[in-house]
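There's a structure below that I have some questions on.
FYI, side chains are in, hydrogens and waters are out, and symmetry mates aren't considered; it's all heavy atoms of this structure.
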Amino acid sequence: MNTPNILLVTKGHPFDKNAFFEIFDSINVNWTHVEQPAAQKFFDESLANEYDAFVMYDMPGVSFEAEVPSIEKPDPDYQKGFLSLLDKGKGMVFLHHAIAGWPAWEEYAEIIGGRFLYLSGKLRGSDRQDSGYRHKVNHRLTVIEDHPITAGLPESFGMIDELYLCEIFEDSIQPLLRSDYEFTQDNFYSSTRAINGKMYDNAGWQHDEGSNVVAWIKRYGNSPIAYIQGGDDPEAYTNQNYRRLIENSIHWVSSQEAHEWVKGR
């Protein structure tokens, strides 16, 4: 098995760096780490060519340094470079809170296959409520498709992790794993209330029932894309099935098989 070279992009959400990076030391990848916003320079083709895939554990375009979140649009050159890499077929894996990135760039949600909204807003032409979160959920994940990303996983397995009640575009993704947790408003807390200092609060908050898909693949441009919702803290990082998911996802998006799959889409 070839060892992929990956660019691992982080920042935007607090996490235990040593525990997280140990994942990548333990799996069959060569990894280079860069934080946002410096990472944006690597979305230029001349720097991106040496990497077989990009792995995003970042949350660019939204900052919580002030009382009201600051929402930024991506730099046009970075945006152009990002789309150019997708057009050329760069494989990408998005993890956990990466689904909340670039809220002012609607196309970014289409690239990933969904969006976590810290603030209510419009998406796909409709008004959407802020998304929900729930830490330390003890749930079971079930494999729903035999795929290289799910290879070696048991038919179902447990994790203790944070889950999201967020926008997932099931019409444009190919689901791989579903959770047995109930994705209803009573089981989650409002993200807007959390950033306003009211953690673990859903009083008066309303949200439609959400999808229980927690891992998927999709095509964007000529690139294979994978998203895994899990990965909040060391308890998730040390789960061997979670590590296998990440390793399999990186190998798949880097593979000729994935690029042939994209052509067939």
Flag the pair Glu22 and Arg243 as a salt bridge only when some basic side-chain nitrogen lies within less than 4.0 angstrom of an acidic carboxylate oxygen. yes
Is Leu176 reachable from Tyr181 through a run of hydrophobic residues whose side-chain heavy atoms are each under 4.5 Å from the next? yes
Interatomic distance, OG@Ser179 vs CG@Asp161, rounded to 0.5 Å, equals 10.0 Å
Which distance, rounded to the nearest 0.5 Å, do you find between the CD1 of Ile23 and the CG of Asn239? 10.0 Å
Asp25 CG: over 12 foreign heavy atoms closer than 6.0 Å: yes
Stepwise, does the side-chain contact (heavy atoms from CB on, under 4.5 Å) test hold for Glu247 with Asn28? CA-CA 7 Å; Glu247 183 176 26; Asn28 181 29; 3.1 Å; yes
Report yes or no: does Asn248 contribute a side-chain atom to a donor-acceptor pair with the main-chain N or O of Ile149 at less than 3.5 Å? yes
Mind checking whether Val214 and Trp216 sit in one hydrophobic cluster, side chains of I, L, V, M, F, W, Y counted as touching below 4.5 Å? no
Kindly state whether the ring of Phe188 and the ring of His207 have centres lying under 6.0 angstrom apart. no
Do Thr150 side-chain atoms and Glu145 backbone N/O form a donor-acceptor pair below 3.5 Å? yes
Is the CD atom of Glu260 crowded by more than 12 outside heavy atoms at less than 6.0 Å? yes
How many angstroms lie between CZ in Phe64 and CE in Met59, if you round to the nearest 0.5 Å? 4.5 Å
In terms of the angle between their ring planes, are Phe24 and Trp31 parallel, tilted or perpendicular, with boundaries placed at 30° and 60°? tilted
More than 12 heavy atoms of other residues, nucleotides or ligands under 6.0 Å from CG of Asp171: yes or no? yes
Same cluster or not: Val93 versus Leu85, using hydrophobic residues (I, L, V, M, F, W, Y) connected whenever any side-chain heavy atoms lie under 4.5 Å apart? no
With distance as the sole test, does Tyr118 use its side chain to make a donor-acceptor pair with the main-chain N or O of Val62 at under 3.5 Å? no
Between Gln36 (side chain) and Val9 (backbone), is there a donor-acceptor pair under 3.5 Å? no
Under 3.5 Å, is there a donor-acceptor pair between the Asp186 and Thr184 side chains? no
List the steps, then state whether side-chain contact (heavy atoms from CB on, under 4.5 Å) holds for His33 with Lys17. CA-CA 11 Å; His33 171 240; Lys17 291 185 178 181; 5.6 Å; no
With side-chain hydrogen bond (donor to acceptor under 3.5 Å, both in side chains) as the rule and sequence neighbours excluded, what pairs involving residues 71-85 come up? Tyr78-Trp102
Option passing side-chain hydrogen bond (donor to acceptor under 3.5 Å, both in side chains) with Asn30 (candidates Asn5, Asp52, Thr3): Asn5
Return the OH to CD distance between Tyr57 and Glu35, rounded to the nearest 0.5 Å. 13.0 Å
Between Ser191 and Ser131, is there a donor-acceptor pair closer than 3.5 Å when you use the side chain of the first and the backbone of the second? yes
The side-chain contact (heavy atoms from CB on, under 4.5 Å) partner of Gln229 among Leu163, Leu177, Val213 is Leu163
Can you confirm whether Gln206 is buried at CD, in the sense that more than 12 heavy atoms of other residues, nucleotides or ligands lie under 6.0 Å from that atom? no
Flag, side chain of Asp58 to backbone of Gly101, donor-acceptor distance under 3.5 Å: no
Determine, using ring centers only, whether Phe42 and Phe54 are less than 6.0 Å apart. no
Apply side-chain contact (heavy atoms from CB on, under 4.5 Å) to the pair Asp233 and His135, showing each step before the final yes or no. CA-CA 10 Å; Asp233 63 19; His135 294 113; over 6 Å; no
Can you check side-chain hydrogen bond (donor to acceptor under 3.5 Å, both in side chains) on Ser190 and Asp130, steps first, answer last? CA-CA 7 Å; Ser190 162; Asp130 62 295; 2.7 Å; yes
For the aromatic rings, using the six-membered ring if either is Trp, is the centroid distance between Tyr227 and Phe94 under 6.0 Å? no
Which of parallel (below 30°), tilted (30 to 60°) and perpendicular (above 60°) describes Tyr164 and His96? parallel
Under the 3.5 angstrom rule, does the side chain of Asn241 hit a backbone N or O of Arg244 as a donor-acceptor pair? no
So does Leu123 get a backbone contact from the side chain of Arg128, meaning a donor-acceptor N/O pair under 3.5 Å? yes
Please identify each residue that fulfils salt bridge (charged side-chain N to carboxylate O under 4.0 Å, His left out) with Glu45, with sequence neighbours left out. Lys88
Between His13 and His97, what is the ring plane arrangement, given parallel below 30°, perpendicular above 60°, and tilted in between? parallel
Salt bridge Lys122-Glu106, side-chain N to carboxylate O under 4.0 Å: no
Once rounded to the nearest 0.5 Å, what's the spacing between atom CD1 of Ile228 and atom CG of Leu95? 5.5 Å
What I want to find out is whether Glu170 reaches Arg178 closely enough, with some N-O distance under 4.0 Å, to be called a salt bridge. yes
Lys90 side-chain N/O to Phe82 backbone N/O, donor-acceptor pair under 3.5 Å: no
Can you sort out the partners of Tyr242 under ring-ring contact (aromatic ring centres under 6.0 Å, His included), two or more places apart, ordered by chain and number? none
With a 4.5 Å cut-off on side-chain heavy-atom distances among I, L, V, M, F, W and Y, is there a chain of contacts connecting Leu153 to Trp252? yes
How about CD on Glu107, more than 12 heavy atoms from neighbouring residues, nucleotides or ligands closer than 6.0 Å, or not? yes
If you count every heavy atom of other residues, nucleotides or ligands that lies below 6.0 Å from Asp208 atom CG, does the total exceed 12? no
Report whether Tyr200 and Phe183 are members of the same hydrophobic cluster (ILVMFWY, side-chain heavy atoms less than 4.5 Å apart, transitive linking). no
Rounded to the nearest 0.5 Å, what separates atom CG in Leu245 from atom CD1 in Ile27? 10.5 Å
Any side-chain to backbone donor/acceptor pair from Asn196 onto Lys198? Under 3.5 Å, distance only. no
